[in-house]
Amino acid sequence: MKIKELVSILEGEVVFGEEFVENEVFAACGSDMMSDVLAFVKEQAVMLTGLVNPQVVRTAEMMDMKCIVFVRGKRPDKSMIDLAEERDIVLVCTKLEMFSSCGKLYEKGLRGASGK
Amino acid sequence: MENIKLHYDVDNSDFSCAGEASGKIKKTLKDLGFDSALIRNVAIAVYEGEINMVIHAEGGTIDAEISPEKVTVVLADRGPGIPDIEMAMQEGFSTAPENVRALGFGAGMGLPNIKKYSDTMDIKTEIGVGTTITLTFNFN
């Protein structure tokens, strides 16, 4: 699924990385615990989270994640945007909650780490 | 090829900087053209170790050596030491304070993740002195 499609599905806003929205994501991970995300092994996955701190971007970097979606209306601050800019990671915001966001993406064919 | 050696100091005073060293190691491996799966394993394991150094210890050092056969990483912190390594290796067990859990850490997956992503993991610890973790990642 292309990032621009994901943005549309989630009625989202691209906060950083408009030039990368043609990139694809092949899996998704929704979590507020970064160590759970680090145990997740898919390449080019999208992270959905309600956490807002710079370690979210660093975790995405380590996992080769190309896109982070902040749910529940959360917004990244400047330090996070700067980190994402250095690492070419797209940041998206949605007002939808975690459950609805994951459900909508699942409905459109995106799957989790186990392929389920 | 001569082995490549990297050294980083980890300061525990600024949590937002935790991950700088592991990010730089990752970039170096990427620039050297290593396999992406190996790079990810090294990056995740070292990142978990670096975060632990900032959360639990008083900072420390990370030294990485890249040879033709493997990557070796030594994470040495300045304390306080791990009282029970077996307990610390259990998934879900964490001594992280509440303010750290609010940032998304303290799930108790740090050491288990480090073990999962490395080929060998050796932990030496001394209460009141510190902990040294030595990891190896073999090239297939």
Side-chain angles (χ1 to χ4, degrees), chain A residues 23-27 29-72 74-89 91 98 112-114, chain B residues 10 14-27 29-30 34-56 73 88-96 99-118:
Chain A
N23 288 347
E24 298 240 9
V25 293
F26 301 111
C29 173
S31 182
D32 285 351
M33 294 304 296
M34 294 299 103
S35 277
D36 281 350
V37 176
L38 289 162
F40 176 86
V41 296
K42 288 282 185 181
E43 273 194 65
Q44 279 185 246
V46 55
M47 186 201 307
L48 294 100
T49 188
L51 269 188
V52 178
N53 71 64
Q55 295 307 331
V56 170
V57 182
R58 294 197 188 271
T59 299
E61 174 192 6
M62 300 309 156
M63 299 304 298
D64 293 328
M65 288 169 154
K66 294 300 180 189
C67 180
I68 303 170
V69 177
F70 297 96
V71 300
R72 308 197 291 273
K74 299 296 179 70
R75 299 192 71 85
D77 62 22
K78 185 175 185 314
S79 67
M80 295 174 69
I81 295 171
D82 289 345
L83 278 174
E85 192 169 354
E86 288 166 16
R87 290 150 180 79
D88 294 343
I89 296 174
L91 302 183
M98 178 72 85
S114 59
Chain B
V10 177
D14 185 356
F15 187 63
S16 66
C17 289
E20 276 289 325
S22 31
K24 286 176 181 165
I25 291 172
K26 180 177 176 173
K27 184 175 185 315
L29 292 174
K30 198 172 173 185
F34 287 109
D35 170 70
S36 60
L38 173 96
I39 294 173
R40 194 162 52 249
N41 288 355
V42 175
I44 293 169
V46 178
Y47 178 58
E48 287 274 31
E50 190 176 351
I51 290 283
N52 274 356
M53 269 190 193
V54 173
I55 291 173
H56 298 291
V73 184
M89 291 298 300
Q90 283 180 22
E91 289 188 11
F93 176 81
S94 174
T95 56
N99 60 328
V100 164
R101 292 174 194 264
L103 295 171
F105 292 92
M109 292 299 294
L111 288 176
N113 274 347
I114 292 172
K115 184 168 182 184
K116 175 182 167 182
Y117 285 106
S118 58

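Within every chain, numbering begins at 1; the chains are lettered A, B, ... in the order of the sequence lines, protein sequences first and strands thereafter. Atoms considered below: every heavy atom in the structure, side chains included; atoms not considered: hydrogens, waters and symmetry mates.
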### Query
Are any side-chain N or O atoms of E61(A) and backbone N or O atoms of A43(B), one a donor and one an acceptor, separated by less than 3.5 Å?
no

Please report the interatomic distance [atom1]([X]) to [atom2]([Y]), rounded to the nearest 0.5 Å.
| X | Y | atom1 | atom2 | value |
| --- | --- | --- | --- | --- |
| N53(A) | L103(B) | CG | CG | 5.0 Å |
| M34(A) | I51(B) | CE | CD1 | 10.5 Å |
| L38(A) | F105(B) | CG | CZ | 7.0 Å |
| C17(B) | R58(A) | SG | CZ | 6.5 Å |

### Query
Below 4.0 angstrom, N of the basic side chain to O of the carboxylate: do D64(A) and K30(B) qualify?
no

Quick one: what part of [X] sits under 4.5 Å from any heavy atom of chain A, side chain, backbone, both or neither?
| X | value |
| --- | --- |
| I39(B) | neither |
| A37(B) | neither |
| Y47(B) | side chain |

### Query
Should we count NZ of K74(A) as having more than 12 external heavy atoms under 6.0 Å?
yes

Heavy atoms only: give me the nearest [X]-[Y] pair and the separation to one decimal.
| X | Y | value |
| --- | --- | --- |
| S35(A) | G110(B) | OG-N, 4.2 Å |
| N113(B) | A39(A) | OD1-CB, 3.5 Å |
| M62(A) | G19(B) | CE-O, 3.7 Å |

### Query
Under a 4.5 Å heavy-atom cutoff, which of E20(B), R101(B), K27(B) has the most pairs with chain A?
E20(B)

### Task
Pick whichever of S36(B), A18(B), P112(B) has the most heavy-atom pairs under 4.5 Å with chain A.
A18(B)

### Query
S31(A) versus chain B, heavy atoms under 4.5 Å apart: side chain, backbone, both or neither?
neither

